[in-house]
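Quick note: residue numbers are just sequence positions, from 1.
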Amino acid sequence: MTTLIVSKVDNGSTQRIGTITFSSDAEPVLSVEGEGKDAEALRQAWAETSAIDPLPMSHTESGESDSGKPVMRFGEALVPRGNPEYKWAVYDYLERNYGYEVKVDK
């Protein structure tokens, strides 16, 4: 089981607003902490994010240019729900598209 902690950063202060829990045999579950506009914004972001299947995830890989020099290649992979990488796609998508700070609960 993996739990992502979703926080909002405002004026240098981080406020935890919810978690998304991924278990091996069920759909991810959003738990929102508190009420108000931040909680509602996270519910809306999750509704939009979870409706996308497959979910785009950015990635980088090192390689060589045609001239043999080292380069970093930036790309995007589509990750379907049920894929073991889906939780990382959710992590990436919430940070890139909604500006949340996402961490893994340990």
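At a threshold of 4.5 Å between side-chain heavy atoms, the hydrophobic network of Ile, Leu, Val, Met, Phe, Trp and Tyr places Tyr93 and Leu78 in two separate groups. Val29 and Leu55 are not part of a single hydrophobic cluster, where members link through side-chain heavy atoms under 4.5 Å apart. Hydrophobic clustering places Val104 together with Met57 (ILVMFWY residues linked when any side-chain heavy atoms are closer than 4.5 Å, directly or through intermediates).
Ala51 and Arg81 get closest at one heavy-atom pair: N-NH2, 4.3 Å. Across all their heavy atoms, Gly34 and Arg43 have their closest contact at O-NH2, 4.2 Å. In this structure, Ile17 and Tyr100 approach most closely via the heavy-atom pair CD1-CE2, 3.4 Å. Pairing each heavy atom of Leu4 with each of Lys87, the nearest pair is CD1-O, 3.6 Å. Contact detail for Val32 and Ala39: the closest heavy-atom pair is CG1-CB, 3.3 Å. Taking both residues in full, the closest heavy atoms of Tyr86 and Pro28 are given as CE2-CG, 4.0 Å, listed atom of the first, atom of the second, then distance.
Annotation: the span from Arg16 atom CZ to Asp38 atom CG amounts to 14.5 Å, rounded to 0.5 Å. Here the CD atom belonging to Glu76 is positioned 8.0 Å from the CG atom belonging to Asp92, to the nearest 0.5 angstrom.
In this structure a side-chain-to-backbone donor-acceptor pair under 3.5 Å is missing from Arg73 to His59. Panel note: side chain Gln15, backbone Asp10; no donor-acceptor pair is recorded below 3.5 Å. Judged by distance alone, with hydrogens and angles left aside, the side-chain atoms of Tyr91 form a donor-acceptor pair with the main-chain N or O of Val102 at under 3.5 Å. Between the side chain of Tyr98 and the backbone N or O of Ala41, no donor-acceptor pair lies under 3.5 Å.
Proximity of Val6 to Trp46: side-chain heavy atoms (C-beta onward) are nowhere separated by under 4.5 Å.
With Ile20 as reference, Leu30 is the one residue of Asp105, Ile5, Leu30 to meet the side chain to side chain contact (heavy atoms under 4.5 Å, CB included) rule.
At most 12 heavy atoms of other shown residues, nucleotides or ligands fall within 6.0 angstrom of atom CE in Met1.
A salt bridge does not link Glu40 to Lys37: none of the charged side-chain nitrogens sits closer than 4.0 Å to a carboxylate oxygen.
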